[in-house]
Amino acid sequence: MEIAVSVVSLIFLAFVVLGVIATVKAVRAVRSGVRRTTTEVRKTIDTTALRARSAQFGPVGELARARLELRSSIDSTRRELTAASPGDPSLAEAAALLDRLHEHARGLDREMGALMDREPDRARITAQLPELRSRAQEIRESADSLRFAARDRARRHHGEELGALRDQIAIESGALRHWDPPQQPLTEPAPQPQPLPLSDPPPSPSRPGLRKASDADGG
């Protein structure tokens with residue numbers, strides 16, 4: 001009896017532990033989803049505000065346009081590498097390099113954002129604008145280089161796969177068009193009766209009475 005109670009207790013305890021683990025995982029998943037959603041919403045709001053400010057004239061509008069171009073280049077490269085990486089493990093190094101480049105882009109974006117929001121002197125913004133735009137262009141060129149290389153690699157990979165597929169199809173098409181010669185029947189037909197050869201008719205037998213008459217006339 002005590003053994004049965006112990007087994008039931010252990011089973012109950014195991015279910016409790018599994019329930020707690022499942023609850024913790026669910027809470028973490030919800031928190032992660034909320035955090036990711038919040039980040040996306042903030043990014044969307046920030047991008048919308050930047051687009052509105054990019055329509056302005058002057059150094060503030062130029063800074064806003066530079067930030068938008070920088071973000072667009074990084075995001076486009078990220079999407080390109082993410083789409084191509086499952087079929088090509090060699091792009092893992094490119095993704096790691098993009099992560100490092102993205103850190104520089106974030107730092108530059110924060111610097112330009114602080115200059116836009118906290119610097120009231122437009123002349124100072126104008127003085128710093130060429131250097132900031134030059135750094136943004138360097139990051140964009142590096143990101144674009146990774147994106148173009150990944151795109152060319154994916155195009156070449158697909159071309160090689162298509163070429164190999166066409167070769168296989170050509171071989172299979174040739175095999176389908178190869179007809180075997182007709183096989184001999186399994187049973188031989190029964191021999192047909194051959195016609196008898198033509199020959200002289202057999203001599204008719206002589207009658208005894210006629211032969212005796214002939215002999216008497218000759219005598």
> For the atom pair CZ (R118) and CD1 (I125), what is the distance rounded to the nearest 0.5 Å?
Replying inline: 12.5 Å
> What closest approach, in Å, do L146 and A94 show between heavy atoms, and which atom pair accounts for it?
Replying inline: CD1-O, 4.0 Å
>> Apply side-chain contact (heavy atoms from CB on, under 4.5 Å) to residues Q56 and E62 and explain how you reach the verdict.
In response: CA-CA 8 Å; Q56 300 178 5; E62 292 186 17; over 6 Å; no
> When rounded to the nearest 0.5 angstrom, what distance separates CG in L176 from CD1 in I171?
Replying inline: 12.0 Å
> Is there a donor-acceptor pair closer than 3.5 Å between any side-chain N or O of S76 and the backbone N or O of S72?
Replying inline: yes
>> For R122, is there any backbone N or O sitting under 3.5 Å from a side-chain donor or acceptor partner on T126?
In response: yes
> Can R147 and T77 be said to form a side-chain hydrogen bond (donor to acceptor under 3.5 Å, both in side chains), step by step?
Replying inline: CA-CA 5 Å; R147 184 172 68 256; T77 304; 2.9 Å; yes
>> Run R106 and E103 through salt bridge (Lys or Arg N to Asp or Glu O under 4.0 Å) and show every step you take.
In response: CA-CA 5 Å; R106 288 195 185 100; E103 291 299 324; 2.7 Å; yes
> When rounded to the nearest 0.5 angstrom, what is the spacing between CZ in R153 and CG in L81?
Replying inline: 11.5 Å
> Looking at CD1 of I139 and CD of Q137, how far apart are the two atoms once the value is rounded to the nearest 0.5 Å?
Replying inline: 11.0 Å
> Between L132 and R67, does a side-chain contact (heavy atoms from CB on, under 4.5 Å) hold up when you go through it step by step?
Replying inline: CA-CA 10 Å; L132 294 174; R67 294 177 66 186; over 6 Å; no
> Are H104 and E138 close enough, and set up right, to give a side-chain contact (heavy atoms from CB on, under 4.5 Å), and what steps lead you there?
Replying inline: CA-CA 11 Å; H104 289 278; E138 291 178 357; over 6 Å; no
> Looking only at heavy atoms, what is the nearest atom pair of L70 and A136, with distance?
Replying inline: CD1-O, 3.9 Å
> Just by distance, do the side chain of S145 and the backbone of E141 share a donor-acceptor pair under 3.5 Å?
Replying inline: no
>> I'd like to know whether E131 forms a salt bridge (Lys or Arg N to Asp or Glu O under 4.0 Å) with R135, so could you lay out the CA-CA distance, the side-chain angles of the two residues, the decisive distance to 0.1 Å, and finally the verdict.
In response: CA-CA 6 Å; E131 190 266 339; R135 288 164 57 189; 3.4 Å; yes
> Is there side-chain contact between L63 and E119, with heavy atoms separated by less than 4.5 Å?
Replying inline: no
> Quick one: CG on D144 to CD on E80, what's the gap to the nearest 0.5 Å?
Replying inline: 11.0 Å
>> Quick one, R71 with L50, criterion side-chain contact (heavy atoms from CB on, under 4.5 Å). Give me CA distance, side-chain angles, the key distance, then yes/no.
In response: CA-CA 11 Å; R71 293 182 181 185; L50 273 180; 3.5 Å; yes
>> Rounded at 0.5 Å granularity, tell me how far CE in M112 sits from CG in L129.
In response: 9.5 Å
